[in-house]
Amino acid sequence: MVKGANVGLAALSEDVGSVMVRLGWSSPTGEGDADVSVLLLTADGKVRSDGDFYFYNNPVAADGSVQLLGKAPTADGNEDRITFDLTAIADDAERIVVAASRYEGARFSDLHDLCLTLADGAGDNLLRFTIDDPGEVGALLFGELYRRGGDWKFRAIGQGYESGLAGLATDFGVDIDDDAEASETGEAAEKQEAPAAPEAQAAPLPAIPTQPTSERPADPVRPLPTPDQPVTKAAPRPRTAKKKVTLPKVARKSLAENDAWRVARLFPAAALKSDRERETRATSVLLSVMTQVPEFGRRLTAGFGAPSGRMETFTEVTLPNGDTPRRPDGVIRVERAGKLWTALVETKTNGNSLKADQVQAYADIAARRGYEAVITLSNDVELDGSPLVEVKADGRRKHKVALWHLSWAEVAHQAQMLIRHEGVGNAAHAWLLQELLHYLQHENSGCHGFQNMGPAWVPVRNGIDDETLCQGDSRAVDVVESWERLVRQVCLRLGGELGQKVLPVQRAKRGSDPRTRRAALADQLCADGRLEAELRIDGTPGILALCADLRTGKLRTSIEIPAPEQGYPLTWSKRLVRQLADAPADLHVEALLAGQAPGPRGTLERLRPEPADLLPKDGTPITGFRLSLFRSMGNTRGNAESGFIRSVDESVDRFHAHVVVHLERRTSSSRTRETAAAG
């Protein structure tokens, strides 16, 4: 689509009761990001209440009509996903505006490959809108869904505001306080009522002044005015958070007489022995909690195109299939307005792989019976361009069946985010999710996430050791894919523990073929023997880099932080050493110099008494500092104590807990104030 164009959704697909919108962008540095927001507007361009403004701290509508699913990694970087159940949108909400905002004075001109993609309930992309030149704006309107003649249409907007989003919430009718002092009071009250937000939103979205419905043109895009007066004071947050329940970070003191006593569990896992028992128990546990905790069930199914409605789940269902009936592990059914959405569920645990013929049979059954989806669950993490199973669609059938995959690591991540950070409706829901999480993390459950680097791991390591691994070897591609799966699982696990966005950084240009990109990385592995990855952790001053050197058997975790804009190099060095007072003594600290020349370096133990040793003798300007920790790499391909996967997890955890947390970071409130001042 081009800017200003509009199209009716019904003309594109028959399955538009539920749609997904994806917003994507890329950054040359890998550090650029933005926050997504959605507003439901009436005919006069106003929200009905503060609850119609959806952002990081109010991501889900009570009726399930809107759900911000957060960021997800893709082959080309990351994208924000939003699902809309258009059948559940209130009758007096005529427009749904989708926007994004930047913070700390950043502008959308710094981002590349801005695009919006809209998909139907089966997951098929219906339209794509790219924004080539957003301009020097801090807030950008990507597009809007609006009613016309009883149907929904989409309009591509692609316009923004130079002043960003600060101070413009009132244009949409969002209730905010009037001064900075009231803002701080409101934030304090919000923190008492709701968990800390994992993402930081700059400020509410500005309104688009419109004419009444009867007077405005039928479909042309409306020009967006630029505000006349700059904002000079902090823009407070709208009061949109509802009181939710999260589990306390510190557990209550146990009443047990000694450590040998075990707490009674709703879902015991100790007696599980066979893979079949693990699959049956895991499926039943997960599906039952999904029905009893609506926030959790909706979060897992919204991305699959399921509507918001009454959910029921079933296990060990027998379905006719010629002479050999099939028994999928589970079935999910959601009813809304007399219509049913149905998905078959196939589960694998304990590292067992999905079977292509089995999934194909379920897809065929679903197509014959008019079901909407087949959902697979396993310890594997699916990659773009490298599906876990290939399923062929029967072109003779008009009904389409979507194939979706969930990893057990993602299920655990969503449970962690709800009970530890975002909150759920009541204490019973929090307890149920805690029991689910305890079950998934039990050693007998078999739901431990990605835990095997694959059969190519040992031959590739040996080939790198004796320098016999050649470029173009398919085994190197297999190792690169396993590495990418491991990195994405590390992001899920760490993000769930921190309650923050943790995403892999992809430096490749958006739109590049993922298979071609992985083949290039495999050739690079053959040449230098290293696997590398970068993680962006929201709120940290830099990118966490991870390098596994297969030649030396060493893992390196590091982060580069920029030098302050003011002050003297000696002051910077002293301040950095003070911040790292509790960091490990073997932490390597290196000064980064202009022109990429190697700078002074040393361990923290040596630099503590002499911070001046970080200064270059010739006075070359310092541009930043690199902090690194090293440890031996696990040898085996699995997740045992001596395994490579365990060593990667422990390296990232140690570096974050003992180094990253001590670095200065910007709080969400300070980021909001800076955005307002920049406006």
Side-chain angles (χ1 to χ4, degrees), residues 13-15 18 20 119-124 274-291 297 300-307 309 311-335 339-411 446-447 450:
S13 173
E14 298 179 355
D15 187 10
S18 177
M20 175 183 287
D120 63 11
D124 294 333
S274 69
D275 287 342
R276 184 57 185 166
E277 287 179 345
R278 292 187 181 95
E279 290 178 8
T280 303
R281 178 71 62 85
T283 305
S284 183
V285 167
L286 174 61
L287 296 184
S288 63
V289 174
M290 287 173 60
T291 60
L300 291 183
T301 58
F304 303 151
M311 179 185 296
E312 288 190 8
T313 54
F314 309 86
T315 60
E316 298 298 317
V317 175
T318 300
L319 296 175
N321 184 46
D323 297 333
T324 56
R326 292 280 183 169
R327 300 181 67 189
D329 292 316
V331 173
I332 302 174
R333 306 202 85 177
V334 182
E335 180 191 27
K339 296 182 180 179
L340 284 175
W341 180 93
T342 304
L344 303 182
V345 179
E346 173 61 16
T347 303
K348 295 295 180 183
T349 59
N350 210 34
N352 294 319
S353 300
L354 295 164
K355 298 178 181 179
D357 58 342
Q358 195 173 34
V359 177
Q360 180 71 63
Y362 292 146
D364 293 340
I365 292 173
R368 289 197 301 268
R369 302 182 70 84
Y371 296 165
E372 282 70 25
V374 173
I375 301 173
T376 57
L377 288 99
S378 73
N379 287 336
D380 284 324
V381 179
E382 190 170 50
L383 304 178
D384 289 338
S386 183
L388 297 174
V389 291
E390 296 280 358
V391 173
K392 297 180 180 179
D394 189 342
R396 294 171 298 178
R397 290 194 176 93
K398 184 178 180 180
H399 184 75
K400 295 183 296 183
V401 176
L403 179 63
W404 304 97
H405 179 74
L406 269 177
S407 70
W408 288 111
E410 185 173 355
V411 173
C447 306
F450 180 75

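This structure is a prediction, so every number in the text was calculated from the model and none was measured. What's counted below: heavy atoms across the whole structure, side chains too, no hydrogens, waters or symmetry copies.
Salt bridge absent: Asp15 and Lys400 never bring a charged side-chain N and a carboxylate O closer than 4.0 Å.
Shown here for Leu388 and Glu382, the closest heavy-atom pair between the two residues is N-OE2, 3.5 Å. Residue Ala373 comes nearest to Trp341 through the heavy atom pair CB-CZ2, 4.1 Å, listed as atom of the first residue, atom of the second, then distance. When every heavy atom of His405 is checked against every heavy atom of Asp380, the shortest pair comes out as NE2-O, 2.9 Å. Across Asp120 and Ser13, no two heavy atoms sit closer than the pair OD2-OG, 2.9 Å. The two residues Leu319 and Pro328 have their closest heavy-atom pair at CD1-CG, 4.1 Å. Of all heavy-atom pairs between Glu390 and Pro387, the closest is OE2-CG, 3.3 Å.
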Quick one: do Arg368 and Asn321 satisfy side-chain contact (heavy atoms from CB on, under 4.5 Å)? Show the steps, please. CA-CA 10 Å; Arg368 289 197 301 268; Asn321 184 46; 2.8 Å; yes

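A distance of 14.5 Å separates NZ in Lys355 from OG1 in Thr376, rounded to the nearest 0.5 Å. Atom OG1 in Thr301 sits 7.5 Å away from atom CD1 in Ile375 (nearest 0.5 Å).
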Ignoring hydrogens and angles, write down the donor-acceptor pairs under 3.5 Å from the side chains of residues 343-351, residues two or more places apart or on other chains.
from, atom 1, to, atom 2, distance (Å)
Thr347, OG1, Thr283, OG1, 2.9
Asn350, ND2, Asp275, OD1, 3.2

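Tyr371 is listed as a side-chain neighbour of Arg333, based on a closest heavy-atom distance under 4.5 Å. Using a 4.5 Å heavy-atom threshold, the side chains of Leu286 and Leu300 count as touching. Counting heavy atoms from C-beta outward, Phe304 and Leu406 have side chains that approach closer than 4.5 Å.
Side-chain atoms of Ser284 do not come within 3.5 Å of backbone N or O of Thr280 as any donor-acceptor pair. The backbone N or O of Gly446 sits less than 3.5 Å from a side-chain atom of Asn379, completing a donor-acceptor pair. Remark: the backbone N or O of Thr342 is paired with a side-chain donor or acceptor of Glu372 at under 3.5 angstrom.
Counting only residues at least two apart or in different chains, salt bridge (charged side-chain N to carboxylate O under 4.0 Å, His left out) contacts with residues 312-321 comprise Arg276-Glu316, Arg310-Glu312, Glu316-Arg327.
For Ser386, the side chain to side chain donor-acceptor pair (under 3.5 Å) partners two or more places apart in sequence, or in a different chain, are Glu481.
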